[in-house]
Amino acid sequence: MNDPIIRIENITKQFGSLKALNGVTNYINRGEVVVIIGPSGSGKSTLLRTLNGLETVSDGKIFIDGVDIVDEKTNINKLRSEVGMVFQHFNLFNHKTALENIVMPQTVVLKRGRKEAEDVAHRLLDKVGIPEKAKSYPNQLSGGQQQRVAIARSLAMHPKIMLFDEATSALDPETVGGVLQLMKDLAMDGMTMAVVTHEMGFAREVADRVIFMDEGQILEESKPEDFFDNPKNSRTITFLSQIL
Amino acid sequence: MMDVIFAKWHVTISLMPFLLQGLLMTFKVSIFAITLGSTLGFVLGLLRTLGYRSLTGIIGLYLHIFRGSPYLVQLYIIYFVLPSLGIEFLNFDSFTAAIISLSLYTSSYVTEITTAAIYAVPKGQEEGARSCGMSKAEALFYVVLPQSLKMMIPPMASIYVVIIKSTAILSVIGISELTRQGEVAILRMPGDIMFVYCLIAVMYFIYCYPVLRFAKWAEGTFGSIGSVQDQES
């Protein structure tokens, strides 16, 4: 069981005088779903962004599938294509249709042919449940639909790991459920996932492990049933009592 | 009444070859300056967004110099002062001096427009591209620039109109563009000074108006996200 695809060794991240990450050490096993929760400003999004190199670390090491991504010699672009990321605000390419959003990274990064990339894109739009929106532009889609396209775009790169950075926080309440279900399906398929979220129901139901962060540190981690029913750290207890 | 109209018509006909020659020169100089200046400005504007501190500083100084001094003074320095330094390479003839000075002047505006347009694309667009594995250059080329270019078109067209009108200043270094030709014409027909200047103004207008219309059209067309895609495919 213990087969870490991600190893995080004592990383720190300094933004000016603020220590966003203060000595974080952890791991994520292959096929594991880890949910990271914590108050805003706790460093959870920063931690997630360091995992695909969108944020550099000030100190420490991160290994993805055995490759040290902090090392400057590592090809960080290749790594990013293996670590998919879904953002709170979708970040779809505004000048491209849903289909083109999924096709373009494949042709540019993976050098796939146009035909193959389009086949992949159509198949993924089917999978995320909006095949009829292929020709729509992002501004013609609802938040939930945009997030589905963003998930499909990431999946098209065949990532080994998917990172979700508050993927449902900017959605209308009625579209949250569908996107969470999609994430759940992915987890069921065996995708390795790190999920920053405020959806405690999702954490309880889908997570293999829950991590609680505050002030740039991991304060508690355990299986969801232990975490929610029997939290140990006093700050975890306070946080849970405020949101549940 | 008829004889006044007939007289003005006669003036127009006899001056038109010279004025058209002037307009052609104005056209030539402005096209050169716009092409060279836009290319230089675009490159500088792009370099400025890459975040190399010393480069950004140098480009900033360049912009301050060219945007913070009158074009006429820049023209005088390039045409009258530089050749006096005794360096063969800087000994420009008037046409070269006109093109160089106007291109540099144009580039200072285009640099600002390019930088602004690149920064106007939300940061998330680049992050989205990079999270898919694109390099910084690929993200810029495939995701950021296509969106910035669209935003650049309307302000660029406005600047072009300013540049076209600025060519009138070139008359002071003896470029026979439209205004210069007009001045020569007035020497020949001093009684029609008002009429000749009106003719000149109308000819500038005929050149500038389509550019302004284009700016307006571009704003409407490229403003909608759909049409850019249509043009690409």
Side-chain angles (χ1 to χ4, degrees), chain A residues 45 48-49 51-55 75-111 114 135-141 146 149-150 152-159 161-165 170, chain B residues 42 45-46 49-53 56 113-156 217-233:
Chain A
S45 284
L48 207 63
R49 289 162 60 87
L51 296 182
N52 75 345
L54 275 182
E55 211 75 75
N75 183 344
I76 195 87
N77 295 325
K78 181 170 179 301
L79 169 105
R80 280 206 189 88
S81 71
E82 294 170 355
V83 183
M85 177 121 182
V86 177
F87 300 87
Q88 181 177 2
H89 295 290
F90 331 125
N91 293 356
L92 289 182
F93 309 137
N94 290 326
H95 61 309
K96 298 276 181 190
T97 60
L99 188 76
E100 282 297 326
N101 260 276
I102 309 172
V103 167
M104 198 250 282
Q106 296 181 64
T107 54
V108 173
V109 178
L110 303 179
K111 312 290 176 208
R114 171 109 207 142
K135 290 201 182 322
S136 303
Y137 285 89
N139 65 354
Q140 298 164 329
L141 298 173
Q146 289 192 54
V149 176
R153 182 175 71 179
S154 286
L155 290 176
M157 312 305 287
H158 293 305
I161 304 154
M162 287 281 281
L163 310 174
F164 292 85
D165 188 5
Chain B
F42 184 75
L46 200 61
T49 62
L50 298 183
Y52 301 110
R53 192 168 291 180
T56 309
I113 292 172
T114 307
T115 308
I118 288 175
Y119 283 144
V121 176
K123 191 87 187 119
Q125 293 290 306
E126 188 191 341
E127 289 190 348
R130 304 217 62 190
S131 75
C132 293
M134 289 190 210
S135 66
K136 211 173 160 62
E138 285 166 342
L140 191 66
F141 185 76
Y142 291 104
V143 177
V144 178
L145 280 185
Q147 298 182 55
S148 337
L149 284 175
K150 197 181 67 187
M151 289 187 266
M152 283 171 64
I153 293 171
M156 288 284 251
W217 172 83
E219 209 173 335
T221 308
F222 297 106
S224 82
I225 278 157
S227 53
V228 169
Q229 172 65 25
D230 294 343
Q231 302 232 331
E232 281 173 6
S233 57

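We name chains A, B, ... by the order of the sequence lines, and we start the count at 1 in each one. All figures in this text were calculated on a predicted structure; none of them were measured in a lab.
Both the backbone and the side chain of A:F93 have a heavy atom closer than 4.5 Å to some heavy atom of chain B.
No side-chain heavy atom of A:L92 sits under 4.5 Å from any side-chain heavy atom of B:Q125. Using a 4.5 Å cut-off on side-chain heavy atoms (C-beta onward), A:R49 and B:E127 make contact.
Tested against B:Y142 for a side-chain contact (heavy atoms from CB on, under 4.5 Å), the candidates A:H95, A:M104, A:K96 yield a single pass: A:M104.
To the nearest 0.5 Å, atom OG of residue B:S135 and atom CD1 of residue A:I76 are 12.5 Å apart. In this structure, the separation between NZ on B:K136 and CG on A:N77 is 11.0 Å, given to the nearest 0.5 Å. Between the SG atom of B:C132 and the CD atom of A:Q106 there is a distance of 9.5 Å, given to the nearest 0.5 Å.
A:F87 and B:S131 make their closest contact through CE1-OG, 3.5 Å (heavy atoms, listed as atom of the first residue, atom of the second, distance).
For chain B, the option among A:Q140, A:M85, A:R153, A:K78 with the highest count of heavy-atom pairs below 4.5 Å is A:R153. The candidate with the highest count of non-hydrogen atom pairs below 4.5 Å against chain B, out of A:L54, A:L79, A:V108, A:V86, is A:V108.
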